[in-house]
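Counting convention: from 1, in listed order, for ligands and their atoms alike. Excluded from the calculations below are hydrogen atoms, water molecules and symmetry mates; all remaining heavy atoms, backbone and side chain alike, are included.
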Amino acid sequence: MATNKNFEIAIVGGGITGLTLAIALYHRGINIKIYEQAPKFGEIGAGISFGPNAVAAMKKCHTGIYDSFEKVCTRNSWPSKSKVWFDYLNGYDKSLKQAGHQKAEFTITNSVGQNGVHRAHFLDEMVKLVPEDIARFGKRLRSINEGSGGKLVMHFEDGSEAQADAVIGSDGIKSTVRKVMFGVDHPCAHPSYTHKYAYRGLVPMEQAVEAIGEERAKNSCMHMGPGGHVLTFPVNHGQILNIVAFHTNKDDWPDYQRLTRPVKREDALSDFSGYGPNVIQLLKLTKPDLDCWAIFDLGDNPVPRFNKGRVVIVGDAAHATSPHHGAGAGFCIEDSLVMATLLQDERVKSPKDLEAAFTAFDANRRERSQWLVQSSRFISDCYEWQAPGVGDDFKKIEHEINTRNGIITEFDIEKMCSDATEELTKTLRQSNL
Ligand SMILES: Cc1cc2nc3c(=O)[nH]c(=O)nc-3n(C[C@H](O)[C@H](O)[C@H](O)COP(=O)(O)OP(=O)(O)OC[C@H]3O[C@@H](n4cnc5c(N)ncnc54)[C@H](O)[C@@H]3O)c2cc1C
């Protein structure tokens, strides 16, 4: 593709952020390379879902991303639930004597409903949208410095080096690029444990239907309770039920270096003892050996700026959030779109313009994405009946979810891009003074 761009961009990290950004930039004719520490593209974990804002951002990044999503996504099974995000249930209901159909307390909807994709399947589809030689694998970034010719030099753990005019860090919650920008002693170099963890399990759909009835098993549900909440939604085209059971306590996470640890089904049952029969029955259907995920975020130590010179952070590297709004990856895709819009702008031609583009990115993205981190913490407390002024009042919980989900999903993606372009006008003017 013809381009007037006299620069090369390095993207460090090839997760959802790095890959969607790479696709958006590559198809806008921008010269890029991805440096990924793993031996190939890959994702751990199971289901992930996207709201209307994320779907709109995908389409505008590149239609192939949206096509990949459509190819692998699973929605609620019942047509009458096509706009339902979650039915919210009282997971602590003692009046329910045995597992089976349960009435919802309230329902939250949006224009795209619930849509779960298996992370690895989504990534496998997206990888097809860029040429193979765009990525260098086994490249774990250690440091970055400015070389003699004005290029940035990246140093990798394997002893190799590479150069680029700018570095975009999409290297996740424990970002090395963030540490390079602010130093290892800066608080934002250290994500904090939110004192919540999640058991994750996959259950054959027939068993789930038998246990809790078709309506609840085949469509997304959130079972609320004190100090815990369990969300379930169908994956693998409705053949499997994905179960994520969040629990809150005061203990520290045993190993800061590892975000997951193997646990037993009995641990989950013990944490949820006292819950109603549907929650207990769902947990009993999981495998005896489970994975438990620690929930970390950047809520205690927000990043002061997303850019420094020609280095910038995007996605979880910039604003890792807990998953309670189900919107973290969606915001990563919004980031990719804003960055692509700025770098595509015809006024961004040379390495010196990149700094202005990154400053415009920071101005456009920081407030919204850091709000999500705080709101996600609050909304989880609502699901678990411990938010101040909300408690276990279902009307108030519903109001909080609708208000906050509105900010996330009823978001004008076109305006986000035109605001970023306007910001770029200002930052380019300042850089030319
Ligand atoms: C339990 C859970 C459930 C979630 N559910 C949802 C959901 O339903 N919807 C939603 O929108 N979001 C959800 N999220 C959030 C979402 O998973 C993240 O926001 C998203 O995956 C972040 O993508 P990323 O590419 O920025 O970071 P990552 O996925 O962490 O990718 C970072 C990449 O960088 C690489 N890397 C790291 N360090 C280096 C280095 N030094 N050098 C080179 N490469 C490096 C890694 O190997 C990796 O490939 C959830 C999160 C959790 C924990």
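Thr286 and Arg265 form no side-chain donor-acceptor contact under 3.5 Å, judged by distance and modelled atom types alone.
Put simply, OG on Ser270 and CG on Leu283 are 11.0 Å apart, with the number rounded to the nearest 0.5 Å.
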Between Asp87 and Thr107, does the side chain to side chain donor-acceptor pair (under 3.5 Å) criterion hold? Intermediate values first, please. CA-CA 4 Å; Asp87 279 330; Thr107 295; 2.5 Å; yes
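Under the rule for a side-chain contact (heavy atoms from CB on, under 4.5 Å), the partners of His186 that lie at least two apart in sequence or sit in another chain are Phe182, Cys188, Pro304. Residues forming a ring-ring contact (aromatic ring centres under 6.0 Å, His included) with His325 (at least two apart in sequence, or on another chain): none.
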Below 3.5 Å, can you tabulate the donor-acceptor pairs from side chains in residues 226-234 to any protein atom, sequence neighbours excluded?
{"from": "His229", "atom 1": "ND1", "to": "Glu384", "atom 2": "OE2", "distance (Å)": "2.7"}

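For a heavy-atom separation below 4.0 Å, the residues in contact with ligand 1 are Val12, Gly13, Gly14, Gly15, Ile16, Thr17, Tyr35, Glu36, Gln37, Glu43, Ile48, Ser49, Arg119, Lys139, Arg140, Leu141, Ser170, Asp171, Gly172, Thr176, Arg200, Gly315, Asp316, Pro323, Gly326, Ala327, Gly328, Ala329, Gly330, Cys332.
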